[in-house]
Amino acid sequence: MHSLFASPFSPLVTALGYFVDTRLGDPSWLYHPVRALGWLIDRAEKAVRSRVGSEAGMKIAGATVTLLLSSTVAALVSTLIALPLLGFLLAVYFAYSGLALRCLLDEGADVERLLQADDIDEARVRLSYLVSRDTSCMDAVDIRRSLAETLSENFSDGFVAPLFYLCLCGPAGMWAYKTVNTFDSMWGYKNERYSHLGWFPAKLDDVLNFIPARLSAVLILLVSRRPRPLAALRTVIRQAGKMESPNAGWPMAACAVALNARMGGPTSYFGRIKQKPLLGGEFVWDQALLARLLLTLKRTGGWSLLILISFQAFLWFAA
């Protein structure tokens with residue numbers, strides 16, 4: 001067994017990464033690796049589109065670029081965290097930068113503060129940075145509902161899933177996942193431009209998020225202490241199955257059911273109204289409900305760490 005205080009794969013790396021994330025978040029002065037990934041993916045798209053014209057070629061190119069970049073990132077991270085002395089610190093940095101719990105909660109709180117200050121125009125703008133839907137005509141209720149939906153969904157793929165792969169595969173596995181997830185966020189749209197190029201990263205992201213999404217839902221329900229938890233879980237399973245995405249509906253439905261608040265309904269995307277399945281209960285999102293959601297996600301984040309790092313420690317000490 002390697003030293004707990006020296007190996008980049010130890011539970012200590014996970015604990016320190018979580019600690020730094022919850023204390024530091026994502027400050028603007030600190031360069032984030034996802035920015036580099038976004039730049040590389042954008043350059044890759046331009047290169048592919050200048051050379052490939054057919055639909056089949058786009059699918060093949062999308063798969064090739066996704067696998068090539070994600071494996072390259074994993075290999076680079078593996079090399080860096082293996083460096084003597086510096087490797088452990090780099091492992092903590094990669095663990096920290098791959099988690100987004102503090103950033104997620106801060107962004108939600110920032111939009112809510114703007115609503116409380118009656119600055120609805122700026123709240124719409126800030127929300128537009130977080131969602132792909134049209135925010136220009138939203139009222140306060142629509143803003144809070146949209147914010148609750150994106151916070152719930154991103155809690156899984158922005159925090160639980162990276163933490164899951166960090167505990168299971170170390171920082172390199174975590175960043176292989178982050179690379180695929182970044183591809184999905186940039187290319188995973190079901191429109192004419194990305195339906196072929198983004199097909200493979202979207203499907204791969206669905207596979208990688210299958211377990212984390214369901215784990216997120218279970219933990220959210222447990223933390224919320226809903227009466228009749230098995231009945232609540234059955235409701236979540238039923239409602240999540242109505243969603244177009246195989247994974248996004250799980251944490252969304254869990255938060256909606258846990259707080260008995262409504263998600264879904266008519267939503268504007270790229271100038272078109274889309275009727276999303278209704279999730280949760282009857283309450284309309286207000287300041288108090290959003291505050292409860294933020295607290296629930298914060299507490300669930302802590303329990304996620306406790307459970308997953310216990311699993312990692314078991315694997316570590318059993319090796």
Side-chain angles (χ1 to χ4, degrees), residues 8-9 13-18 20-22 24-27 30-45 62-82 87 89-107 129-130 150-151 153-189 198 200-213 215-216 245 247-248 251 301 304-305 308-309 312:
F9 300 98
V13 168
T14 302
L16 290 174
Y18 174 85
V20 177
D21 173 56
T22 56
L24 192 60
D26 184 20
L30 184 61
Y31 188 81
H32 200 285
V34 168
R35 299 180 193 176
L37 287 177
W39 182 84
L40 288 170
I41 293 170
D42 185 60
R43 297 280 292 184
E45 179 180 351
T64 302
V65 172
T66 301
L67 293 174
L68 181 62
L69 185 56
S70 58
S71 59
T72 300
V73 167
L76 177 61
V77 173
S78 293
T79 301
L80 290 174
I81 64 177
L89 295 178
L90 287 172
V92 172
Y93 168 73
F94 284 121
Y96 144 69
S97 59
L99 301 174
L101 181 60
R102 171 67 183 271
C103 180
L104 190 70
L105 297 176
D106 284 350
E107 287 171 342
Y129 299 154
L130 308 177
T150 192
L151 291 176
E153 179 181 355
N154 286 318
F155 175 72
S156 176
D157 60 17
F159 175 71
V160 175
L163 181 63
F164 177 81
Y165 287 106
L166 174 62
C167 293
L168 191 65
C169 309
M174 176 196 215
W175 275 96
Y177 164 78
K178 291 289 289 186
T179 304
V180 173
N181 187 246
T182 305
F183 268 107
D184 180 60
S185 67
M186 296 180 67
W187 290 3
Y189 296 102
F200 180 81
K203 294 299 183 183
L204 182 56
D205 187 73
D206 286 344
V207 172
L208 294 177
N209 276 295
F210 184 88
I211 294 175
L215 177 62
S216 299
S245 166
N247 297 318
S304 301
L305 173 73
L308 289 173
I309 205 173
Q312 183 186 21

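Residue numbers count from 1 along this sequence.
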Q.
Taking the side chain as everything from C-beta on, heavy atoms only, tell me whether Y93 gets closer than 4.5 Å to P33.
A. yes
(Q) With a 4.5 Å cut-off on side-chain heavy atoms, are F159 and P251 touching? (A) no
Quick one: closest heavy-atom pair of [X] and [Y], and the distance?
X	Y	result
I81	L90	CG2-C, 4.2 Å
P201	V180	O-CG1, 4.0 Å
N209	A161	OD1-CB, 3.3 Å
P171	F94	CB-CB, 4.2 Å
V160	P212	CG1-O, 3.8 Å

Q | D21 side chain vs L101 backbone, donor-acceptor pair below 3.5 Å | A | yes
Q: Check whether any side-chain N or O of W187 sits under 3.5 Å from a backbone N or O of G62 as a donor-acceptor pair, and report yes or no.
A: no
Would you give the length of the straight line joining atom [atom1] of [X] to atom [atom2] of [Y], rounded to the nearest 0.5 angstrom?
X	Y	atom1	atom2	result
T72	W175	OG1	CH2	15.0 Å
K178	L208	NZ	CG	12.5 Å
L305	Q312	CG	CD	9.5 Å
C169	L166	SG	CG	9.5 Å
F200	D184	CZ	CG	12.0 Å
D205	N181	CG	CG	5.0 Å

Q.
So if I apply the side chain to side chain contact (heavy atoms under 4.5 Å, CB included) rule between M174 and each of L99, L168, T14, T179, which one comes out positive?
A. L99
Q. Would L215 and L308 count as a side chain to side chain contact (heavy atoms under 4.5 Å, CB included) if you check the C-alpha gap in whole Å, the side-chain angles of each, and the deciding distance to 0.1 Å?
A. CA-CA 10 Å; L215 177 62; L308 289 173; 4.0 Å; yes
Q | Residue pair Y96, L24: steps toward the side chain to side chain contact (heavy atoms under 4.5 Å, CB included) verdict | A | CA-CA 9 Å; Y96 144 69; L24 192 60; 3.6 Å; yes
(Q) Tell me whether the count of non-hydrogen atoms from other residues, nucleotides or ligands lying under 6.0 Å of CZ in R43 goes above 12. (A) no
(Q) More than 12 heavy atoms of other residues, nucleotides or ligands under 6.0 Å from CD1 of I211: yes or no? (A) no
Q. Could you walk me through whether N247 and S156 pass the side chain to side chain contact (heavy atoms under 4.5 Å, CB included) check?
A. CA-CA 9 Å; N247 297 318; S156 176; over 6 Å; no
(Q) Run D157 and N154 through side chain to side chain contact (heavy atoms under 4.5 Å, CB included) and show every step you take. (A) CA-CA 5 Å; D157 60 17; N154 286 318; 3.2 Å; yes
Q. Can you tell which of Y165, F164, F183 makes a ring-ring contact (aromatic ring centres under 6.0 Å, His included) with Y177?
A. Y165
